[in-house]
Amino acid sequence: MSGNASGSVSVSTGRTPREILQAQGKLTPNVVAVQSGGKIYDLHTPLPEGAELSVINVNDPQALAVIRHSTAHVLADAVQRLYPGTKVTFGPAIENGFYYDFDRKDGQFTDADFEKIEAKMREIVAGDVPFRREAVTRDDARKLLQGMGESYKVEHLERLQGEISLYRHGDWVDLCEGPHVPSTGFLRAVKLTSVAGAYWRGDERNPMLQRIYGTAFPSQKELDAYLHALEEARKRDHRKLGKELELIGFHPWAPASPFFLPRGAQVYRRLIDYVRDLYDRFGYQEVVTPQIYDHELFVKSGHAGAYREAMFKAATVEDIERATAALQKAPADIEKVIEEHLRFDVKPMNCPGHCLMYAMTRRSYRELPMRIADFGRLHRFERSGVTQGLTRVRTFCQDDAHIFCTLDQMQSEIIAFLELVYTVYQDFGFTDVRVVIATRPDTRMGSDEVWDRAESALKTAVERKALQFEIAEGEGAFYGPKIELHLKDALGRPWQLGTIQVDFNMPESFDLGYVAEDNSMHRPVMLHRAMLGSVERFFGVLVEHVGGAFPTWLAPEQVAVLTVSEKVNDYANEVVALLRRSGIRVIADLSSDKLGAKIRNARNLRLPYLAVLGQKEADGRGASVRCRDENKELGFLTLDELISRVRGEGIPPSLRSS
RNA sequence: GCCCCGAUAGCUCAGUGGUAGAGCAGCGCAUUCGUAAUGCGCAGGUCGUCGGUUCAAAUCCGACUCGGGGCUCCA
């Protein structure tokens, strides 16, 4: 059970953590690895001379990644035993587990193989064989890997820099930098979860590998807890809740295009109304613009090139007849015929139309900043494999707006936007927002000076709000840098919702200008910005965030009127009419069901308030009220009390008078 | 687009080659009930679509459609 296997060529110096801990008498059976200088080292890897270290025990959070990466090795070992000839590639620990990518020549993995593979893995774990590390030269590694036929590893080897190491457990060996657990016996709770295709190095042009996902924990108990939490998260899935609560529907004849059913449309409309109210207060002007434009527009905006694949064409029968006739005359000119005769495109974005509108008249600096908002419906052709529920669809609308402003106004506009968007997220109860600033890519337009100014405007705004942020170097659009705001869905998958992007390109392409104070023409800057982003996506993430229990101000119905018996139907109808007149959204259950059943149904719909009406309530002109959010009965309330309570919660938190 | 999985009643699901099932929802009748499911009855399906294998297909095979998981979190 020694660290460095004897006989290998060691490039490292210094003692291993195992040796250090042993000397100090601190090597307990629970030690998985150590931490030193912010890095995790396993017990096999020599530390720099004189390094400080702290012990990582099997139950420490930092041990998870080590355990999972080691489990990936055991998975690969098991797979290669069961399916000889399978080549290994990468197998990292990931956020909630690990994966390993294989190139299997003789078939595909399916979920049905998991049981067999897990059994083999348990066997390897039961053997409690030690992991061993060897530092080797590139030549030795190459010889070894070539001898094993591991062509992907050989390819990877040539890209590696720095020290090259092998890890072994039993007679299985892999090119790997670690870190790994001391022995396979540390891998006590393992589950394979799914199989998927994945391209070698993530590139579509490369061969597709078979990826097996799994997860591992220090104990079965923790694994079970994780799997249970996953189950719970699935219950919040907006696709499941959307169906159960009759919010949305889909039909094969409109793939990846949601129907918002009456209950869902109630919420959808309120999301938009909410934003619209903010626009009124924050100096935005809403416009309504065309759905279908001449192709020429998107040539000018650049979409016809870069965005071509994602755009729907709109053709009339006449267009197609003309195109057909033209093709019969000149069959070779397909591209040209399509350009000429299929003239219309369905808009994938609002910005080109807004540029047209901006340029409809001569603009003065006095009009800027001009904030143009549009809830126009957009269509984008998303490839079939990437669509998903409401979070990735082919038709949606954004709370989209374009701010045309001067370079000097850019900074304050970005800050004002961040103020606004954080108010919005607060109203919805989102606190876990990830902020990413995407900076200049290699191929870009505009001078470095202008980019400097735009990037620093974004950074300043984020810093002014004291927000934590990450920089995504080179990930900005070719026309300008941007801030992205990401939120997570129930399963922890991140989605970009809000964004603000600086654009120097489109004003240029459309030759936009304004007359400045000195009577000279200047080019405005264009800011693309959205808070909810796609309303569809936001709706999906929101459903999951609140578990289908919309706050009173968004709920499709705010109060359910439930009768104890049909004897009080007259009073119930009176109450419903009164609440409706008071602007409250009500449904009534006057059926012959028992009260218990009515309550159950209304609760399953997650209605904020239940108003029970019986003879007592009819006599007292009130209702016996139950509140979903406080999860308790409020007892008897007069109708006025009920109305003022629901009305108070019926407006967004940031707008409530205090 | 590519890899794997799935599709049976409005919903959730059972049914592995031999006469299509359950619960819930719906409809009808009875019940008039006090805080998470009242009882009885009725109705409801070209088993996603098309093709193939077979005496016989929801079931086996193939294609297609739609949906789900995934496709750098780089040894």
Side-chain angles (χ1 to χ4, degrees), chain A residues 65 68-69 72-73 76 88-101 104 107-114 141 145 150 152-157 159-167 174-180 193-213 234 237 239-240 243-244 246 249-256 309 381-389 491 493-494 562-569 590-604 610-617 624-626 632-633 635:
Chain A
R68 287 167 176 174
H69 184 203
H73 273 220
V88 295
T89 65
F90 292 168
I94 55 175
E95 194 177 335
N96 290 311
F98 63 89
Y99 66 76
Y100 210 112
D101 285 346
R104 182 178 159 192
Q108 317 286 0
F109 295 110
T110 75
D111 311 9
D113 298 320
F114 288 174
L145 294 170
E150 295 289 4
Y152 294 93
K153 286 292 186 185
V154 174
E155 185 190 326
H156 186 66
L157 174 70
R159 297 170 191 245
L160 286 181
Q161 293 177 349
E163 185 176 274
I164 292 165
S165 57
L166 301 175
Y167 270 83
D174 193 10
L175 178 72
C176 179
E177 73 174 348
H180 282 288
T193 49
S194 64
V195 58
Y199 299 99
W200 169 237
R201 310 199 86 94
D203 190 327
E204 295 192 345
R205 292 163 299 190
N206 287 339
M208 173 154 287
L209 307 170
Q210 296 265 305
R211 173 171 297 181
I212 296 179
Y213 280 92
R234 290 203 178 106
D237 189 314
R239 291 161 297 191
K240 184 178 160 64
K243 194 188 260 188
E244 277 172 17
E246 294 184 37
F250 287 90
H251 193 280
W253 288 354
E309 310 254 301
F381 181 74
E382 299 282 357
R383 295 195 299 173
S384 64
V386 306
T387 60
Q388 198 211 65
L491 294 174
R493 292 175 294 204
L562 310 177
T563 49
V564 172
S565 87
E566 290 173 5
K567 286 177 186 161
V568 285
N569 279 5
L590 308 186
S591 71
S592 66
D593 279 342
K594 290 174 111 171
L595 181 59
K598 296 183 185 185
I599 286 172
R600 187 184 141 84
N601 291 337
R603 281 189 60 113
N604 284 342
L610 310 187
V612 173
L613 307 184
Q615 200 51 55
K616 270 184 292 183
E617 288 74 16
S624 184
V625 178
R626 200 197 257 222
K632 67 174 185 197
E633 291 184 40

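Proteins come first, then strands; the chains are lettered A, B, ... in the order of their sequence lines, and each starts at number 1. Quick note: numbers below take in every heavy atom, side chains included, and nothing from hydrogens, waters or symmetry partners.
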Taking only the [atom1] atom of each, what is the distance from [N] to [M] in whole angstrom?
{"N": "B/rG23", "M": "B/rA9", "atom1": "P", "answer": "16 Å"}
{"N": "B/rU35", "M": "B/rA25", "atom1": "C1'", "answer": "23 Å"}
{"N": "B/rC60", "M": "B/rG17", "atom1": "C1'", "answer": "8 Å"}
{"N": "B/rG15", "M": "B/rC47", "atom1": "C1'", "answer": "11 Å"}
{"N": "B/rU12", "M": "B/rG70", "atom1": "C1'", "answer": "26 Å"}
{"N": "B/rA37", "M": "B/rA57", "atom1": "P", "answer": "46 Å"}
{"N": "B/rC55", "M": "B/rU49", "atom1": "P", "answer": "25 Å"}
{"N": "B/rG45", "M": "B/rA58", "atom1": "C1'", "answer": "11 Å"}

Taking for each residue the nucleotide of RNA chain B with the nearest heavy atom, is it A/A597 or A/V564 whose nucleotide lies nearer the 5' end?
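Going by which nucleotide is closer to the 5' end, it is A/V564.
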
Without decimals, in angstroms, what is the distance between [X] [atom1] and [N] [atom2]?
{"X": "A/I599", "N": "B/rU35", "atom1": "CD1", "atom2": "C1'", "answer": "3 Å"}
{"X": "A/D593", "N": "B/rA25", "atom1": "CG", "atom2": "C1'", "answer": "12 Å"}
{"X": "A/K616", "N": "B/rC33", "atom1": "NZ", "atom2": "P", "answer": "13 Å"}
{"X": "A/F114", "N": "B/rC4", "atom1": "CZ", "atom2": "P", "answer": "13 Å"}
{"X": "A/N569", "N": "B/rC33", "atom1": "CG", "atom2": "P", "answer": "13 Å"}
{"X": "A/E244", "N": "B/rU12", "atom1": "CD", "atom2": "P", "answer": "8 Å"}
{"X": "A/K240", "N": "B/rC13", "atom1": "NZ", "atom2": "C1'", "answer": "12 Å"}
{"X": "A/R104", "N": "B/rC2", "atom1": "CZ", "atom2": "C1'", "answer": "18 Å"}

Within a strict 4.5 Å, meaning less than it, do heavy atoms of the A/Q108 and A/R104 side chains meet?
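No, too far: nothing below the 4.5 Å cut-off.
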
Taking the side chain as C-beta and beyond, is there a heavy-atom pair between A/R603 and A/L610 under 4.5 Å?
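Yes, their side chains come closer than 4.5 Å.
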
What is the base-pairing partner of [N], counting Watson-Crick and G-U wobble geometry with both distances under 3.5 Å?
{"N": "B/rC40", "result": "B/rG28"}
{"N": "B/rC33", "result": "none"}
{"N": "B/rG18", "result": "B/rC55"}
{"N": "B/rG1", "result": "B/rC71"}
{"N": "B/rG23", "result": "B/rC11"}
{"N": "B/rU46", "result": "none"}

Tell me whether the side-chain N or O atoms of A/E617 pair up with the base of B/rG34 as donor and acceptor below 3.5 Å, since no angle test is needed here.
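Indeed there is one.
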
Using a heavy-atom cut-off of under 4.0 Å over every strand shown, decide if [X] touches base, sugar-phosphate, or nothing.
{"X": "A/E566", "result": "base"}
{"X": "A/A602", "result": "nothing"}
{"X": "A/F109", "result": "sugar-phosphate"}
{"X": "A/G614", "result": "base"}
{"X": "A/N604", "result": "base"}

Pair A/D203 + A/R205, salt bridge at N-O below 4.0 Å
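Salt bridge: yes.
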
Return the nearest nucleotide to the side chain of [X]; candidates are [options].
{"X": "A/S565", "options": "B/rC3, B/rC33, B/rG34", "result": "B/rC33"}
{"X": "A/S624", "options": "B/rG34, B/rC66, B/rG1", "result": "B/rG34"}
{"X": "A/K243", "options": "B/rU12, B/rG34, B/rA37", "result": "B/rU12"}

OP1 or OP2 of [N] under 4.0 Å from side-chain N/O of [X]:
{"X": "A/K567", "N": "B/rC33", "answer": "yes"}
{"X": "A/R626", "N": "B/rA36", "answer": "yes"}
{"X": "A/S592", "N": "B/rU31", "answer": "no"}
{"X": "A/Q108", "N": "B/rC4", "answer": "yes"}

For nucleotides 68-75 of chain B, just jot down a letter per nucleotide in 5' to 3' order: B, S or -, based on protein non-hydrogen atoms under 4.0 Å.
SBBBBBBB

Keeping [X] on the side-chain end and [Y] on the backbone end, is there a donor-acceptor pair under 3.5 Å?
{"X": "A/N601", "Y": "A/K598", "result": "no"}
{"X": "A/E204", "Y": "A/Y199", "result": "no"}
{"X": "A/T193", "Y": "A/Y213", "result": "yes"}
{"X": "A/T89", "Y": "A/D101", "result": "yes"}

Check ring-ring contact (aromatic ring centres under 6.0 Å, His included) between A/F90 and all other residues, then give those that pass, not counting sequence neighbours.
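Testing A/F90 for ring-ring contact (aromatic ring centres under 6.0 Å, His included), a comparison that skips the adjacent residues, returns A/H156, A/W200.
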
Verdict with supporting geometry, A/V564 and A/Q615, side chain to side chain contact (heavy atoms under 4.5 Å, CB included):
CA-CA 8 Å; A/V564 172; A/Q615 200 51 55; over 6 Å; no

Do A/R211 and A/Y99 meet the cation-pi criteria used here (NZ or CZ under 6.0 Å from the six-membered ring centre, within 45° of the axis)?
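That pair qualifies as a cation-pi contact.
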
